[in-house]
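So the structure is just underneath, and the comments pick up after that.
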Amino acid sequence: HIKETGKNNYQFFNAGIDHYLQRKLAVEKQLRSAIENDELTLYYQPQLDLQTMKVAGVEALIRWDNKELGTVSPAEFIPIAEETNLIKTLGEWVLTEACRQNKQWQNAGFNKIKVAVNISIKQFNEADFVDTVAKVLAATNLEATYLELEITEGIAISDPQIAINKLHQLKELGVTISIDDFGTGYSSLSYLQKYPIDLIKIDQSFLKGILTNKENTAIVVTILSMAQHLNLDVIAEGVETESEFQYLLSTSCNLAQGYYIGHPQSADEIQKEFNKSFKKLQTRELNL
Ligand code: C2E
Ligand code: MG
Ligand code: MG
Ligand code: MG
């Protein structure tokens, strides 16, 4: 390729790589001190129970504000944390903070809800991951039923049997397990039977144009029907419009999450939603 494209393109290509590596190194360097410098916070996005129309849970989403780099998206820094082994410390911080916050909400008298924490593949694959979860629950005094772990289909790539064993140990602790971004992985559906999971999160890409895009409608309908047969709960991610929401209300989908229901917000902001009911939305006219 280098020969074909000539000298100028080669230099351009080189500069591109250079820029990319420099950014990566800068992110890594700043990330190393982010926890001790108090630069990380968790935002929380509501998950609405479509039967009760109340907030049943919140997903914890990490936010990072750095004095040199500004706001860095988790989509950028989580993969870097995974590559550099920073994910272990970072992941433990997220787990602890999410459980601590949920316990604090309970102590303040709000309806008890679940907090869902994203677990990266490398974090899940750490030999002491189950111990870490048990340790965090004990330290924060949160009952395991109020913790949900969001994993992705990729956890089983290296060794499916180890992954299954670990999931069983987590289930024994009493935590809820969900499969995030469901439908985007490449693993076979058979793992749904083998894994002790509770919930699948339909990836937000399938919600787009759910009323007009026949392929997406077919995918969502199929996932919902499969989940019913396997006795799994389903949460739809990325619900952005009223019509998407109304569509879900007409299905067996259990929970919904997305900008239409609520954006990720600070702990102080989100707690204002906890004892509210979303009933008003349900009675609105269907406006397709
Ligand atoms: P995810 O777990 O699939 O989280 C959903 C992402 O979609 C979040 O982006 C959320 O802000 C965004 N989102 C929510 N509702 C809508 C919607 O209606 N429309 C659209 N277009 N987007 C919506 P965010 O916060 O930037 O996080 C991106 C990804 O970074 C997450 O995807 C997750 O994989 C990862 N991540 C975030 N926080 C953590 C964490 O604490 N630990 C780990 N390991 N990964 C995390
Ligand atoms: Mg998630
Ligand atoms: Mg997701
Ligand atoms: Mg994602």
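Below, all heavy atoms of this structure are taken into account, side chains as well, without hydrogens, waters or symmetry copies. For ligands, and for the atoms within them, numbers begin at 1 and follow the listed sequence.
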ask   = Do any N or O atoms from the side chain of K208 and from the backbone of G238 form a donor-acceptor pair under 3.5 angstrom?
value = yes
task = Check for a donor-acceptor pair, side chain of K171 on one end and backbone N or O of V175 on the other, with a separation under 3.5 Å.
result = yes
Taking the side chain as everything from C-beta on, heavy atoms only, tell me whether [X] gets closer than 4.5 Å to [Y].
{"X": "Y44", "Y": "V115", "result": "yes"}
{"X": "T152", "Y": "F182", "result": "no"}
{"X": "L232", "Y": "D198", "result": "no"}
{"X": "L149", "Y": "S178", "result": "no"}
{"X": "L31", "Y": "N66", "result": "no"}
{"X": "I202", "Y": "I235", "result": "no"}

State whether the shortest distance between N or O atoms of [X] and N or O atoms of ligand 1 falls below 3.5 angstrom.
{"X": "D180", "answer": "yes"}
{"X": "I62", "answer": "yes"}
{"X": "R63", "answer": "yes"}

message = Within the structure, is a non-hydrogen atom of E59 found at a distance of less than 4.0 Å from ligand 1?
response =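 The answer is yes, since E59 has a heavy atom less than 4.0 Å from ligand 1.
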task = Answer yes or no for Q257: is there a heavy-atom contact with ligand 1 below 4.0 Å?
result = no
With heavy-atom distances below 4.0 Å as the criterion, list the atoms of ligand 1 near [X].
{"X": "S120", "result": "44 (N)"}
{"X": "G238", "result": "17 (C), 18 (O)"}
{"X": "V94", "result": "41 (O)"}
{"X": "E240", "result": "17 (C), 18 (O), 19 (N), 20 (C), 21 (N)"}
{"X": "V239", "result": "18 (O)"}
{"X": "G258", "result": "15 (N), 18 (O)"}
{"X": "E237", "result": "3 (O), 5 (C)"}

remark   = Smallest heavy-atom separation, A236 atom then L248 atom, equals CB-CD1, 3.6 Å
At under 4.0 Å between heavy atoms, which part of [X] makes contact with ligand 1: side chain, backbone, both or neither?
{"X": "D181", "result": "side chain"}
{"X": "K201", "result": "neither"}
{"X": "L61", "result": "both"}
{"X": "Q45", "result": "side chain"}

Heavy atoms only: which of [options] lies closest to [atom]?
{"atom": "atom 11 (O) of ligand 1", "options": "A256, A116, P264", "answer": "P264"}
{"atom": "atom 37 (C) of ligand 1", "options": "P74, G91, S205", "answer": "P74"}
{"atom": "atom 44 (N) of ligand 1", "options": "N118, L207, V117", "answer": "N118"}

message = If I take the Mg ion (ligand 3) as the centre, what angle separates the OD1 atom of D181 from the OD1 atom of D180? Nearest 10 degrees is fine.
response = 90°
ask   = Which N, O or S atom name in E59 marks its closest approach to the Mg ion (ligand 2)?
value = OE2
task = Could you point out which residue of E28, E36, Q30 forms a side-chain hydrogen bond (donor to acceptor under 3.5 Å, both in side chains) with R32?
result = E28
Quiz item: cation-pi between K166 and F124, 6.0 Å / 45° = yes
inquiry  = Any carboxylate oxygen within less than 4.0 angstrom of a Lys/Arg side-chain nitrogen, looking at R23 and E76?
reply    = yes
inquiry  = Using a distance threshold of 2.8 Å, state whether an N, O or S atom of E237 lies below it from the Mg ion (ligand 2).
reply    = no
request  = Could you tell me whether the Mg ion (ligand 2) has an N, O or S atom of E150 under 2.8 Å away?
outcome  = yes
Sequence neighbours excluded - side chain to side chain donor-acceptor pair (under 3.5 Å) pairs with any residue from residues 127-146 =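 Output for this query lists K88-D128, E92-K135.
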Steps toward side-chain hydrogen bond (donor to acceptor under 3.5 Å, both in side chains) verdict (Q45, E59) = CA-CA 5 Å; Q45 187 175 33; E59 177 175 4; over 6 Å; no
